[in-house]
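Take a look at the structure below.
Below, all heavy atoms of this structure are taken into account, side chains as well, without hydrogens, waters or symmetry copies.
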Amino acid sequence: MKIERPRGTRDFLPDEMEKRRVIERIMRETAESYGYREINTPTFEHLNLFTIKSGEEIVQEIYAFKDKGGRDLALRPELTAPVMRMFVNECSVMPRPLRFYYFSNCFRYENPQKGRYREFWQFGVELIGSDSYLADLEVIVLACNIMKNLNLNFTLNIGHVGLLRKLLQDVDEARYYKIMRMIDKNDIEGLEKYLSSERLEGYFDPIKDLIGLKGGTEVINSAKEIIPDFDFSYLENLCKGLEKLEIEYNLDFSIVRGLDYYTGVVFEAFAKKGLGAQNQICGGGSYRLTHLFGGGDVPSTGFALGFDRIAEICKMKADAAKSILVAYTAGMELEALKISERLRKSGKTVLSDVMERSLKKQLSFANTVGAKYAVIVAENEFKDGKVILRDLEEGEQIIVNIGDLLKYFDKE
Ligand code: HAM
């Protein structure tokens, strides 16, 4: 019986994995250059970690299950809530700000399509403990630098959910989240109907005007006219910082983000080409979650990059490892293994034959796997302490002392 992999999951073959590792390394190195340090959290958590803020509705979108002890658990759909839980449990007395990064798989019960999977990877950071615009500035600049170091062509949109919060401050929480969800889905018609059905029609025009504001810092002036009692200085400082650091961006007050925990600046980056509809490669913003998990009120900010979408559009290739195949004539297999071990100890990638095939077949396999050299351990030469070294790319071969073998590779 042939067993298929579950819907929305993928297998990664070696070429793909090597490419993913190169991308991962660039992400890690960039985050580490800003002082972020890696953390990890469990693959599954208590379900209420994810429902506490977003409500029971979210259960439809996550892998939730009962374990054998009857506990309600969920595979993590993202890492911000788990990191905040960990922070409250383990790190709340550590000196702030804390800079964490993670590279982990996440699970969402989505309708799979290109760039949207049920198991996917996020590379993200959380900067915990600062409510200054400098914290948002740092994470936005870091996200941009990771994408730039990967030669990605992207646009960056920045918004602030505080504006809509202020505008809707007299609306109760349930209605507020309903409205935000409609804005998130850009369902303007539905929003108009909903507002009038709730006798909130007075909010329709200002919301529509606000979320229609997109562009440079000039849109802040238009926003001031819509919400005159909002303090725009945080956003203005952030914009100044981005200009100083030469980061290109657009303001867009329609960004509310699907997750309900954001309280301030929010941002999203989109790949300019190569991904079709699922082209959002990064999302983040500032939020407050710790008080929900039994901690104090700790302002935090961060982002997550959609690793799989980025891997799909990254052109880079991993450097092919130059490997050596150690082949042997009949009866010399253990001598060949011994030589292979010695070469590996000095850092070489060595393939040994495990099929007990003829020398001819071993050498033809060396060509198939693209080995650069073959070391042939043949009885005649071995008696004199020598082996045959064949350069498979040049097609030339020489006889060398076993003791000198490494010298030939060290020239590489
Ligand atoms: P998010 O926007 O839900 O944010 O996810 C971040 C990124 O993960 C998205 O921009 C997208 O590239 C990728 N992504 C999301 N769902 C899928 C999927 N089904 N298949 C492939 N890629 C996907 C968060 O998760 C927040 N925790 C980010 C954050 C960190 N905010 C503050 N700190």
Side-chain angles (χ1 to χ4, degrees), residues 1-13 16-17 20 24 27 38-90 100-126 177-178 180-181 184-185 256-262 268 275-285 287 289-290 292-294 302-312:
M1 187 177 67
K2 192 172 160 208
I3 300 179
E4 302 290 343
R5 51 173 196 264
R7 208 164 121 72
T9 63
R10 285 149 305 145
D11 298 312
F12 301 104
L13 294 172
E16 179 66 13
M17 275 317 291
R20 287 170 73 93
E24 182 192 329
M27 290 181 171
E38 187 173 11
I39 47 118
N40 206 350
T41 61
T43 308
F44 54 90
E45 296 271 358
H46 290 294
L47 176 61
N48 67 353
L49 179 68
F50 305 110
T51 53
I52 211 166
K53 183 74 201 161
S54 307
E56 290 299 319
E57 240 173 77
I58 192 125
V59 178
Q60 309 301 324
E61 291 157 38
I62 59 187
Y63 278 87
F65 58 98
K66 273 198 197 298
D67 73 359
K68 292 188 172 69
R71 298 171 196 91
D72 283 310
L73 300 174
L75 299 182
R76 59 178 170 221
E78 57 107 37
L79 277 100
T80 305
V83 171
M84 286 303 115
R85 179 203 47 70
M86 180 193 84
F87 168 79
V88 171
N89 295 352
E90 321 277 347
F100 292 146
Y101 80 84
Y102 47 81
F103 175 60
S104 303
N105 53 349
C106 302
F107 307 84
R108 294 186 189 176
Y109 199 76
E110 310 240 39
N111 252 342
Q113 52 179 277
K114 184 177 163 163
R116 178 185 278 176
Y117 308 102
R118 289 185 172 174
E119 182 188 24
F120 62 98
W121 274 256
Q122 282 188 347
F123 183 95
V125 313
E126 309 299 343
Y177 283 120
K178 206 149 186 180
M180 293 299 263
R181 229 157 267 150
D184 189 37
K185 296 204 168 81
V256 296
R257 316 251 316 117
L259 301 155
D260 289 335
Y261 45 65
Y262 296 102
E268 295 175 339
L275 277 174
Q278 303 304 318
N279 64 341
Q280 192 192 119
I281 50 174
C282 178
Y287 57 90
L289 270 175
T290 43
L292 296 171
F293 308 148
F303 64 81
L305 293 151
F307 188 84
D308 308 86
R309 295 179 185 177
I310 288 174
E312 183 127 352

Distance in Å, [X] [atom1] paired with [Y] [atom2], rounded so as to fall on 0.5 Å steps:
X	Y	atom1	atom2	answer
E16	D308	CD	CG	9.0 Å
I58	D260	CD1	CG	7.0 Å
N105	L79	CG	CG	8.5 Å
F100	M84	CZ	CE	8.0 Å

If we ignore angles and hydrogens, is there a donor and acceptor under 3.5 Å between the side chains of E126 and Y287? yes
Does a donor on one side chain and an acceptor on the other come within less than 3.5 Å for Q122 and S104? no
Looking at Y63, I'd like to know if the NZ or CZ of R118 sits under 6.0 Å from its six-membered ring centre while staying within 45 degrees of the ring's axis. no
Got [X] and [Y] here, is their nearest side-chain heavy-atom distance under 4.5 Å?
X	Y	value
K114	Q278	no
Y109	I62	no
L75	F65	yes
H46	L73	yes

Not counting sequence neighbours, which residues clear salt bridge (Lys or Arg N to Asp or Glu O under 4.0 Å) with K66? List them please. D72
Residues two or more places apart in sequence or in another chain: which of them pass salt bridge (Lys or Arg N to Asp or Glu O under 4.0 Å) with K185? none
Report the C-alpha separation of D11 and R5 in whole Å, then their side-chain angles, then the decisive distance to 0.1 Å, and conclude whether the salt bridge (Lys or Arg N to Asp or Glu O under 4.0 Å) test is met. CA-CA 8 Å; D11 298 312; R5 51 173 196 264; 3.0 Å; yes
Would you please indicate yes or no on a ring centroid separation below 6.0 angstrom for W121 and F12? yes
Can you classify the ring geometry of F103 versus F123 as parallel (below 30°), tilted (30 to 60°) or perpendicular (above 60°)? tilted
Verdict with supporting geometry, R108 and E61, salt bridge (Lys or Arg N to Asp or Glu O under 4.0 Å): CA-CA 6 Å; R108 294 186 189 176; E61 291 157 38; over 6 Å; no
Closest approach of P82 and R76, non-hydrogen atoms and distance? CG-CB, 4.5 Å
